[in-house]
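Structure first, then comments.
The analysis underlying the following values was restricted to heavy atoms, covering all of them including side chains, and did not include hydrogens, waters or symmetry mates. Naming: A, B, ... by sequence-line order, numbering from 1 per chain.
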Amino acid sequence: MEDLVMSTHPRTALITGGSRGLGRALARTLAAHGTRVVLVARGAADLDAVVAQIRTAGGEAYGIVADVGDKGAIYPIAGEAAALVGEIELLIHDASDLGATPLRLLLDTECEDFARVLEVNLLGPFRLTKALAGPMVLARRGTVVLISSDAAAEAYPRWGAYGVSKAALDHLGRIWAAELEGTGVRFVSVDPGEMDTRTHADAIPDADPATLAAPEDVAGRILDLVTTPGGVASGARVIASAWTPPAGSSARSTCGVSP
Amino acid sequence: MTPAVGGRAVGDVRLLVVDPSTGALDDRRPDDLVSLLTPGDVLVLNDAATLPASLRGVAPDGAPLELRLAGTSAGGFYAVLFGAGDWRQRTEDRPPPPAVPAGTALRLDGGLAARVVGVSPLSPRLVEIAFDRGGAALYAALYAAGRPVQYAYQRAPLALWSVQTAYGARPAAFEMPSAGRPLTWQILLALQARGVSVARLTHAAGLSATGDPALDAALPLPERYAIPPETVARVDAARAADRRVVAVGTTVVRALEGAVAARGRLAAGAGTTDLRIGPGFVPRVVTDLLTGMHVPEESHYAVLRAFVDARLLARATRHAETAGYLSHEFGDLTLVLRRSAAEPGYDAASSSRRRCRKRRTAGSISSPIARSYVSEASVFRPRRARRSARAAQ
């Protein structure tokens, strides 16, 4: 018998881009709360290190070395993940490709670089969701989190490929939410804000780290908004730092969340 | 019947509806399932995702072989071995595998290794193997080195992507549970909106051909299944209301009827069944069946015989051939569908037939084929397995 709060806490999660930055923080936070996590990343060394850390801390974690931008990797990811931890209840699309860095104007962007950004940031999440959301509908439960960016909403010069991919990702989530309304499967886009991660350093090398949020704090907040009953409606786009729990709910504070 | 070479596009799949209560044949499309079923009916899917179950390897003397995983055993897997060549040759034309007595070490693609644990007396092609690793490492190696099992009639190699249903979850099937391939979410969501319950179980569908007549006659081998509690509740509710329980695929028939045969009633949980279903078998749970277009040589055809009498099935098969229906796993569908008590035009005669059928099945299983239910280990015990193989013919 599970109580209401427990029933919203995922027993299993699949996190792409799980070896670094926000993905790693999400994996550690989820695992610390008892979720069996599967992490996907391209680099085996970073991935193995995170999996080892989580296991040392008493959590259950597995790593899958794969490129989410490769269509042929999708069913191996979905199949291995389900074989290792059971059906996936929480799918977090965190893997992102910035394109060529330093970031450049659209007129200077190679077509191949633009296509690669869309493969990783848009088609990868589409394909992996296509493989995993069907079983979620049959199970009548599941949450898909799409990690977005303020570059999806604002037209920043030099963020062309990335901004377009994230704007399309937001819309993908909205349409999916509309199509699967009433099935028990939720889609949420989250703008995590600016964080002290390698991706941020690659994009804006001269940013002052003191002005950036810690990925662990943002991860705790994302987990809160996903697991709080009534915390966020399917199809919503949420700015992590601006989210507050609905009145009357008891958001479980997972970390020292700063506003 | 002509195999669907290259595969019917999902949107072009045809559906032959066979009504055993009237003998009527009706040419329809899978989308028509939404209007053919009635609120309160339950459609049961096999949500097993398809594994890349074919691995290439070599025997200790360097002789090439192909290993097709066929099922899980207590200590590993059952596998069917083939000699040189690949799926491009018909299974019956493949050379036999090199002799691999128990203890033989097989080297497989991707650095994977396996040891032969036992050889079936049924056929030297059927072995039990243990891999050199388990858990995450085994799955990673399987997905890296394996490819989907496929047959020679398909001329292009199949991607793992193209042997999945739209709802497959746990990787448990060694071949695609293909009756569900044409079921789009458009259809499944529309069925749910209409009040038709869509339930699921997981059944580890095995191989459909091995190239060895003795082994083919023993198919399907024992297969594992798992039935969730909510599926039992939905099936029970449908039966209590005299609504249909429609199995999507012969694997779903085998799981549900196998569970009933094992425990005397439908109960949630996991198990292994080698129940063989054929003419004379009286289903106790499944009332209707959605399956592929099958020909008399296939074990699937025998399952159809449990739902349709021989004359009507022969007439349906002739009609399907004349009307250009396509067979095999990427082909068209057959739906054996009785008039429902919920529909106008449902007559008392067919109703009383249904009740008779229920009464008859309320007690113990009487058919000899149903009684051939044997334990998983029987694949490696020749006499009982051979007897059950004969019973199916």
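With A/P10 as reference, A/L90 is the one residue of A/I92, A/L90, A/T143 to meet the side chain to side chain contact (heavy atoms under 4.5 Å, CB included) rule. Shown are B/L37, B/L33, B/V252; of these, the side chain to side chain contact (heavy atoms under 4.5 Å, CB included) with B/V246 is made only by B/L37.
Contact of A/I64 with chain B is not made at all, since no heavy-atom distance falls under 4.5 Å. For B/A166, the part lying under 4.5 angstrom from a heavy atom of chain A is the backbone only. Both the backbone and the side chain of B/A140 have a heavy atom closer than 4.5 Å to some heavy atom of chain A. In this structure, the portions of A/L138 lying under 4.5 Å from any heavy atom of chain B include both its backbone and its side chain. For chain A, the nearby part of B/L45 is the side chain; its heavy atoms alone come within less than 4.5 Å.
When each of A/A81, A/P135, A/G182, A/A78 is scored by its heavy-atom pairs under 4.5 Å with chain B, the top score falls to A/P135. With respect to chain B, the highest number of heavy-atom pairs below 4.5 Å among A/A133, A/A139, A/A73, A/A66 belongs to A/A139. Across B/A159, B/P228, B/A169, the residue that shares the most heavy-atom pairs under 4.5 angstrom with chain A is B/A169. If you tally non-hydrogen atom pairs under 4.5 Å between each of A/G134, A/A82, A/P76 and chain B, the highest count goes to A/P76.
Of the N and O atoms on the side chains of A/K166 and A/S96, at least one donor lies less than 3.5 Å from an acceptor on the other residue.
A/R186 places a side-chain N or O within donor-acceptor distance of the main-chain N or O of A/V232, the cut-off being under 3.5 Å. Proximity of a side-chain donor or acceptor of A/H33 to a complementary backbone N or O of A/T29 within less than 3.5 Å is detected.
Looking at heavy atoms from C-beta onward, A/L128 lies in side-chain contact with A/T16 at the 4.5 angstrom threshold.
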Record all donor-acceptor atom pairs with a distance under 3.5 Å between chain A and chain B; write none if the list is empty.
unit_1	atom_1	unit_2	atom_2	d
A/E87	OE1	B/R200	NH1	3.3
A/E87	OE1	B/R200	NH2	3.2
A/E87	OE2	B/R200	NH1	2.5
A/R140	NH2	B/V198	O	3.4

